[in-house]
2 protein chains.
Amino acid sequence: MISKKNCEKEDTEELILKAARQVFVRKGYEGARMQEIADEAGINKALLHYYFRSKEKLFDKIFLEAFRNFWPSVKEELDRGKGTVKSLIKAAVISYTDLLMKMPFLPAFVIGEINRSPERMEDLLLATGINPRFVLDVIQKGIERGEVIPLEPRSLLINIVGLSLFPFISRPLLSRMFFESDEEYLKFLENRRTDLYEFICRSVLTEYQP
Amino acid sequence: MISKKNCEKEDTEELILKAARQVFVRKGYEGARMQEIADEAGINKALLHYYFRSKEKLFDKIFLEAFRNFWPSVKEELDRGKGTVKSLIKAAVISYTDLLMKMPFLPAFVIGEINRSPERMEDLLLATGINPRFVLDVIQKGIERGEVIPLEPRSLLINIVGLSLFPFISRPLLSRMFFESDEEYLKFLENRRTDLYEFICRSVLTEYQP
DNA sequence: CATACATTTGACCAGTTGGTTAAACCAAAT
DNA sequence: ATTTGGTTTAACCAACTGGTCAAATGTATG
């Protein structure tokens, strides 16, 4: 009864989730087909509904998970730093770039879905319990300390996140528009890790020498 | 034969296009329904297929149009300027903010669709004939002239576009996460017009005093 | 009025989609 | 060996979707 689940074969539930992740993230809710998820998982379509009652239920699980990943653990990296804005910028840019190198389709998926049904955001934000106040506090303290020029903390945070995500969100466009190949674009993204950090620091730190 | 079209009632073709724009841009290709477009236009569904043979044909028209709008006419504003990078940044930020204030759903739509079918990009870029080389040239000249610090021109361009678009792409999220209401968020976007310009200039111009 | 032609409609169709059901399967407990 | 209970499947269904078609409507021209 338990032996089968643990040893004989991979847990079916996890198998389904893996397949659903693949399909939903690449095609979105509307574009995804239950049959395709079943095929990807190598199981019968009816089994999907046995484990997760409906498409929406299954999707919600995947989306919530994606949304959580989407908010990378800047916090830990930040705690290791000195609580300066400089270290915040570095932590954020690096965390995001690392995350998105591993999961390049994540941001386009999340953004597509929050635009498809913005109503969900309320519940979603409550469910995840994510709140970025502590990041805003770090920036505010940085301003008071004179490390950062006076600015709207939310604005800086949005700039950091936007600059990190945008090249991944628009990859199919930017890659073809400005680069010879997708490999070359990948190299560009690698270099961007440090370029971006410097780009932001130059703009907002009162004293910055690379 | 002509009198009817011009005077008696609005051109049906334009009526359909307006409805299709509305529905496609908000729901994407997969989420849009031909019936909904017909309803929105106040006509029969069969009439859609009479004017535009298939959903894909109709969509292509809307998408190409959207993609063209998406590349705002920085060129004209730039020509009026002195060809400096400083004026390029101003022109780009202002053009984009103005455009997106009028058409806030445009970028999420375009980005969603280029991610759904990246293959199309090749044909699309050819069809629009858009090429940003002249913008890159302006930046390159700016570097040689010493106006701009040494950097990868493509990187700066991507930063400018990304910073301009991101707040609109992620509006449903950012608005709820950081602001009390959507109206407050709109005010933020208004102020951003100048904030963003200064943010970029501080980072890349060798000499910049606001 | 009658003809010719474009426009508009309601009814309809075939394929797809999410979801259901009853039966089969299978490992463990009796 | 039989029972039990969770797991898996093939077959099926109702609703929906893009698309078609023949008939109806309108409109300018002869």
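Numbered from 1 within each chain, the chains take letters A, B, ... in sequence-line order. The model shown is predicted, which means the values in this text are computed figures rather than measured ones.
Looking at heavy-atom distances under 4.0 Å, B:A32 makes contact with sugar-phosphate atoms alone, never a base.
The phosphate of D:dT8 has OP1 or OP2 within less than 4.0 Å of a side-chain N or O from A:T12. OP1 and OP2 of C:dT9 both lie 4.0 Å or more from every side-chain N or O belonging to B:Y50.
Under the 6.0 Å cut-off for aromatic ring centres, A:F63 and A:F59 qualify, their centroids lying closer than that.
A donor-acceptor pair under 3.5 Å is formed between the side chain of B:Y185 and the backbone N or O of B:P167.
The aromatic rings of A:F24 and A:Y29 sit parallel, their planes meeting at an angle under 30°, below the 60° perpendicular limit.
Going from atom CG of B:L58 over to atom P of D:dT17 covers 16 Å, rounded to whole Å. Rounded to an integer number of Å, the gap from CG of A:D39 to C1' of D:dT9 is 14 Å. Taking atom CE on B:M34 and atom P on D:dG19, their separation rounds to 6 Å, with Å as the unit. Rounded to a whole Å, the CZ atom of B:R33 is 11 Å from the P atom of C:dT17. With rounding to whole Å, A:N44 atom CG is found 15 Å from D:dT7 atom P. Distance CD (A:Q35) to C1' (D:dC12): 14 Å, rounded to an integer number of Å. Atom CZ in A:F59 sits roughly 16 Å away from atom C1' in C:dG18 (whole-Å rounding). Per the geometry, CZ belonging to A:F52 stands 12 Å off P belonging to D:dT7, to the nearest Å.
Contact annotation: side chain of A:K45 to base of C:dG19, donor-acceptor pair present below 3.5 Å.
Taking only side-chain atoms of A:K55, from C-beta outward, the nucleotide of D:dG19, D:dT9, C:dG19 with the closest atom is C:dG19. For A:H49, the side-chain atoms get nearest to C:dG18 when compared with the rest of C:dG18, D:dG18, D:dT8. Nearest nucleotide to the side chain of B:A46, out of D:dT9, D:dC21, D:dG19: D:dC21.
Looking only at atom types and distance, the side chain of A:E65 has no donor-acceptor partner in the side chain of A:N69 under 3.5 Å away.
Put simply, the side chain of B:F166 does not reach to within 4.5 Å of the side chain of A:F166, judged on heavy atoms.
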